[in-house]
Amino acid sequence: MNFVMWLRNADRKVFYLINTKLSVSSLDDVMLLLRQAYTWVPLYLFLLLFFYANCRKFLLPIIALSLVTFAFTDFTSASILKPLIGRIRPCHDQSLPFTVNNISGCGGLFSMPSSHASNHFGLATFWFYVIKETLNRTWYWLWFWAFIVCYSQVYVGVHYPGDIIAGALLGVGIGSLSCYLFNNWMTRLNTDITRTI
């Protein structure tokens with residue numbers, strides 16, 4: 001068995017474990033809720049108010065680069081990489097030797113990388129950096145937030161764990177680029193403020 005085949009089999013086994021063996025009917029509604037965008041609107045409002053109260057002079061860069069991060073992760077994962085890679089979602093994959101516990105509907109045909117993973121890990125990366133750089137706080141819970149959203153994708157049967165890992169790596173990469181842009185923007189703002197004093 002070559003390495004690629006081993007990875008594919010391992011990915012399927014972990015998917016089966018999460019999607020079938022660890023599936024509990026009492027958690028189904030929770031997992032469905034975790035993957036819905038509207039569920040996290042209170043979190044986004046909280047972060048907006050938090051940044052306004054604590055990082056007001058950097059509010060425009062934070063909002064702008066959050067939107068840019070989301071746009072790039074979503075477009076790159078959904079419109080470029082998924083069709084290019086062409087991996088079939090587990091809930092569409094007829095070659096699986098077991099029945100997928102699909103409780104959310106299957107969505108599009110292709111699955112790698114997960115857009116949920118790239119979007120949420122991209123934002124988590126950017127916000128973690130912003131809060132650390134501007135306020136010297138380390139909000140590790142942002143990574144847990146991204147993780148539970150991604151875990152729910154495997155649980156409901158629409159993504160393999162490998163899709164999640166690929167999406168997370170993409171998100172961290174794009175989020176890191178946004179961190180670099182924010183750092184430059186922050187430096188310019190601080191320079192402009194110093195000049196006016």
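The nearest pair of heavy atoms linking Ile62 to Val130 is CD1-CG1, 3.6 Å. Nearest approach of Val156 to Ser104, heavy atoms of both residues: CG2-OG, 3.5 Å. The nearest pair of heavy atoms linking Thr125 to Gly175 is CG2-C, 3.8 Å. When every heavy atom of Asp93 is checked against every heavy atom of Ser95, the shortest pair comes out as OD1-OG, 2.6 Å. Leu96 and Pro90 make their closest contact through CD1-O, 3.5 Å (heavy atoms, listed as atom of the first residue, atom of the second, distance). In terms of heavy atoms, Ile174 sits closest to Thr69 at CG2-O, 4.1 Å.
Here the side chain of Asp163 pairs no donor or acceptor atom with the backbone of Ser114 at under 3.5 angstrom. For the pair Arg56 (side chain) and Tyr52 (backbone), a donor-acceptor distance under 3.5 Å is present. Although no hydrogens or angles enter the test, the distance criterion places no donor-acceptor pair under 3.5 Å between the side chain of Thr20 and the main chain of Leu17. For the pair His92 (side chain) and Gly107 (backbone), a donor-acceptor distance under 3.5 Å is present. Not a single donor-acceptor pair under 3.5 Å links the side chain of Asp11 to the backbone N or O of Leu7.
The same ILVMFWY cluster, assembled from side-chain heavy atoms under 4.5 Å apart, contains both Phe121 and Leu47. Under the 4.5 Å side-chain heavy-atom criterion for grouping Ile, Leu, Val, Met, Phe, Trp and Tyr, Leu33 is not connected to Phe144 through any hydrophobic cluster. In terms of hydrophobic clustering, with Ile, Leu, Val, Met, Phe, Trp and Tyr side chains grouped at heavy-atom distances under 4.5 Å, Phe58 and Phe70 are assigned to a common cluster. A single hydrophobic cluster is seen to contain both Leu32 and Val149, as judged by linkage of ILVMFWY side chains at heavy-atom distances under 4.5 Å, directly or through other members. Ile103 and Val100 fall within a single hydrophobic cluster, where Ile, Leu, Val, Met, Phe, Trp and Tyr side chains are chained together by heavy-atom contacts under 4.5 Å.
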request  = For the pair Ser66 and Ile63, evaluate side-chain contact (heavy atoms from CB on, under 4.5 Å) and give the outcome as yes or no after the intermediate values.
outcome  = CA-CA 5 Å; Ser66 293; Ile63 293 174; 5.7 Å; no

message = The test is side-chain contact (heavy atoms from CB on, under 4.5 Å); show your working for Ile164 and Tyr151 and say whether it passes.
response = CA-CA 8 Å; Ile164 299 300; Tyr151 182 87; over 6 Å; no

ask   = Would Tyr155 and Asn101 count as a side chain to side chain donor-acceptor pair (under 3.5 Å) if you check the C-alpha gap in whole Å, the side-chain angles of each, and the deciding distance to 0.1 Å?
value = CA-CA 8 Å; Tyr155 183 95; Asn101 181 28; 5.5 Å; no

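To the nearest 0.5 Å, atom CG of residue Asn102 and atom CZ of residue Arg89 are 9.5 Å apart. The CG atom of Leu84 sits 12.0 Å away from the CE atom of Met112 when rounded to the nearest 0.5 Å. To the nearest 0.5 Å, atom CG of residue Leu27 and atom CG of residue Leu34 are 9.5 Å apart. To the nearest 0.5 Å, atom CD1 of residue Ile85 and atom CD1 of residue Ile80 are 11.0 Å apart. Here Trp185 contributes atom CH2 and Leu65 contributes atom CG; the two are 5.5 Å apart, rounded to the nearest 0.5 Å. Interatomic distance, NZ of Lys13 versus CD1 of Ile18, reported as 15.0 Å (0.5 Å rounding).
Of the options Phe110, Phe15, Tyr16, a ring-ring contact (aromatic ring centres under 6.0 Å, His included) to Tyr160 is made by Phe15 and by none of the others. With His116 as the partner, the side-chain hydrogen bond (donor to acceptor under 3.5 Å, both in side chains) test is satisfied by one option alone out of Arg35, Gln153, His159: Gln153.
The aromatic rings of Phe3 and Trp6 sit parallel, their planes meeting at an angle under 30°, below the 60° perpendicular limit.
Side-chain contact check for Phe51 versus Trp127: some heavy-atom pair is nearer than 4.5 Å. Contact of the Ser111 side chain with the Ile88 side chain is not registered, since no non-hydrogen atoms from C-beta on lie closer than 4.5 Å. Considering only heavy atoms from C-beta on, His120 stays 4.5 Å or farther from Leu123 through its side chain.
The number of heavy atoms from other shown groups lying within 6.0 Å of CZ (Phe72) does not exceed 12. Counting heavy-atom neighbours within 6.0 Å of Tyr180 OH, excluding the residue itself, gives a total of 12 or less.
The list of disulfide bond (SG atoms under 2.5 Å apart) pairs with a residue in residues 92-138, not counting sequence neighbours, reads Cys91-Cys106. The side chain to side chain donor-acceptor pair (under 3.5 Å) analysis of residues 74-86, with sequence neighbours excluded, yields the pairs Asp74-Asn119, Ser77-Ser115, Ser77-Ser118, Lys82-Ser115. Residue pairs meeting the disulfide bond (SG atoms under 2.5 Å apart) criterion with at least one partner in residues 120-184, sequence neighbours excluded, do not occur; the list is empty. Judged as a side chain to side chain donor-acceptor pair (under 3.5 Å), not a single pair has a partner in residues 37-46 (not counting sequence neighbours). A side chain to side chain donor-acceptor pair (under 3.5 Å) check over residues 131-146, counting only residues at least two apart or in different chains, returns nothing.
In this structure, the side-chain contact (heavy atoms from CB on, under 4.5 Å) partners of Ile165, at least two apart in sequence or on a different chain, are Leu169.
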